[in-house]
Amino acid sequence: IFSIVVFGSIVNECYVNKDSQDPDLLCIFNENESACSYGIAVGIVAFFGCIFFFVVDLYFQQISSVKDRKRAVLLDLGFSGFLSFLWFVAFCFLANQWQRTTMSTGVLQGADAARAAIAFSFFSIIVWVALAVKALQRYRLGTDMSLFATDQFAADPNAAYPGYPTGSGIESTETYQSPPFTETLDANPKGYQVPAY
């Protein structure tokens, strides 16, 4: 959402006319086209990256290969760290260019959008650093193979392996039962009798 705010506000309101006589649109950030382009580019990359990793998180449990799960977590970690850096550069670049901007009537029209782009690029730094820390925690969890294995293990890594199930619990509480059909037999058989044909 923050990336949509950043690139949306730059695209919609951060290109203004210098004066009413000049029809050319200029970037509001000190008339530096690179500042607006960089903010838009980072916002779009972050937006599509979020969509991609959201889909990866949805299908993460269906990934059967341990190596593929590990690669997905490492890719998430690397991308989150890289985006944290890009948002930091965007915040510094946009804030610097905004500080050097001379105020005019055209600039005042888009001043709120420029401030919103700067503020949400700062908030994006915090969010992407948090996502990088979360991905690092997922990776560290996976080193004991509980994350990258299937869901058959207990949630607590120190828990013992569950034993063999003993049954449904409906069995009788007697410790010994006599075998079936033995009540009618004699305790002292008389010996072998030859069958008559």
Side-chain angles (χ1 to χ4, degrees), residues 1-63 67-142 147:
I1 293 175
F2 292 168
S3 61
I4 295 172
V5 171
V6 172
F7 78 79
S9 61
I10 291 174
V11 167
N12 286 332
E13 296 184 33
C14 288
Y15 285 99
V16 295
N17 295 6
K18 190 171 185 178
D19 54 26
S20 59
Q21 305 299 328
D22 191 8
D24 292 333
L25 294 176
L26 299 173
C27 180
I28 200 171
F29 294 100
N30 198 24
E31 298 180 7
N32 188 349
E33 181 63 32
S34 298
C36 288
S37 298
Y38 185 79
I40 293 169
V42 172
I44 290 174
V45 167
F47 177 72
F48 285 117
C50 283
I51 292 173
F52 174 75
F53 283 106
F54 180 71
V55 171
V56 168
D57 282 344
L58 287 178
Y59 290 106
F60 189 77
Q61 295 300 325
Q62 278 103 19
I63 300 173
K67 289 181 181 180
D68 290 342
R69 285 186 178 202
K70 188 174 182 180
R71 284 186 195 127
V73 172
L74 284 174
L75 185 65
D76 187 13
L77 176 63
F79 186 77
S80 298
F82 182 64
L83 256 284
S84 300
F85 173 73
L86 290 181
W87 279 118
F88 177 74
V89 171
F91 169 72
C92 293
F93 190 28
L94 292 176
N96 185 337
Q97 293 302 308
W98 181 247
Q99 185 179 14
R100 296 178 182 196
T101 302
T102 56
M103 292 298 163
S104 65
T105 55
V107 171
L108 290 174
Q109 290 175 354
D112 289 338
R115 289 186 194 107
I118 293 169
F120 280 94
S121 62
F122 176 75
F123 298 149
S124 295
I125 297 168
I126 297 168
V127 169
W128 283 100
V129 166
L131 288 172
V133 169
K134 185 73 172 167
L136 181 63
Q137 288 174 346
R138 282 180 80 179
Y139 179 73
R140 286 185 179 168
L141 266 173
L147 173 69

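The chain is numbered in sequence order, starting from 1.
To the nearest 0.5 Å, the span separating SG on C27 from CD1 on I10 amounts to 7.0 Å. Interatomic distance, L77 CG to K134 NZ, rounded to the nearest 0.5 Å: 13.5 Å. The CD atom of Q99 sits 9.5 Å away from the CD1 atom of I118 when rounded to the nearest 0.5 Å. The CG atom of D68 sits 10.0 Å away from atom CZ of F60, with the distance rounded to the nearest 0.5 Å.
Side-chain atoms of L83 and V45, non-hydrogen and from C-beta on, do get closer than 4.5 Å to each other. Between F93 and S34, the closest side-chain pair of non-hydrogen atoms falls below 4.5 Å. Between F2 and F122 there is no side-chain heavy-atom pair separated by less than 4.5 Å. No side-chain heavy atom of I51 sits less than 4.5 Å from a side-chain heavy atom of F54. Side chains of Q137 and V133 form a contact here, defined as non-hydrogen atoms less than 4.5 Å apart. With contacts defined as side-chain heavy-atom distances shorter than 4.5 Å, the pair F52/D57 does not qualify.
Residues S9 and A117 share a closest heavy-atom pair of OG-CB, 3.6 Å. For the pair Q62 and R69, the tightest heavy-atom approach, listed with the atom from each and the gap, is N-NH2, 4.5 Å. Of all heavy-atom pairs spanning I28 and A114, the tightest one is CG2-CB, 4.1 Å. Closest approach of V6 and S121 over heavy atoms only: CG2-N, 3.7 Å. The two residues G43 and S3 make their nearest non-hydrogen contact at O-CB, 3.3 Å.
A distance-only check finds a donor-acceptor pair linking the side chain of Y38 to the backbone of L86 [under 3.5 Å]. Side chain of N30 to backbone of N32: no donor-acceptor contact under 3.5 angstrom is found.
Note on ring orientation: taking the six-membered ring where Trp is involved, the planes of F7 and F47 are perpendicular (angle over 60°, cut-offs 30° and 60°). Using a 30° and 60° split on the angle between ring planes, F79 and W128 fall in the perpendicular class, above 60°.
Applying the salt bridge (Lys or Arg N to Asp or Glu O under 4.0 Å) test to pairs two or more places apart or on separate chains, those with a residue in residues 101-121 are D112-R115. Sorted by first and then second residue, the side chain to side chain donor-acceptor pair (under 3.5 Å) pairs with a member in residues 74-87 read D76-S80; sequence neighbours excluded.
Screening L131, I125, V129 for a side chain to side chain contact (heavy atoms under 4.5 Å, CB included) involving V127 leaves a single residue, L131.
Residues F123 and F120 bring their aromatic ring centres within 6.0 Å.
Taking the ring centre of F29 as origin, the terminal cationic atom of R100 falls outside the region bounded by 6.0 Å and 45° from the ring axis.
The environment of CD1 in I1 is sparse: at most 12 heavy-atom neighbours from other residues, nucleotides or ligands sit within 6.0 Å.
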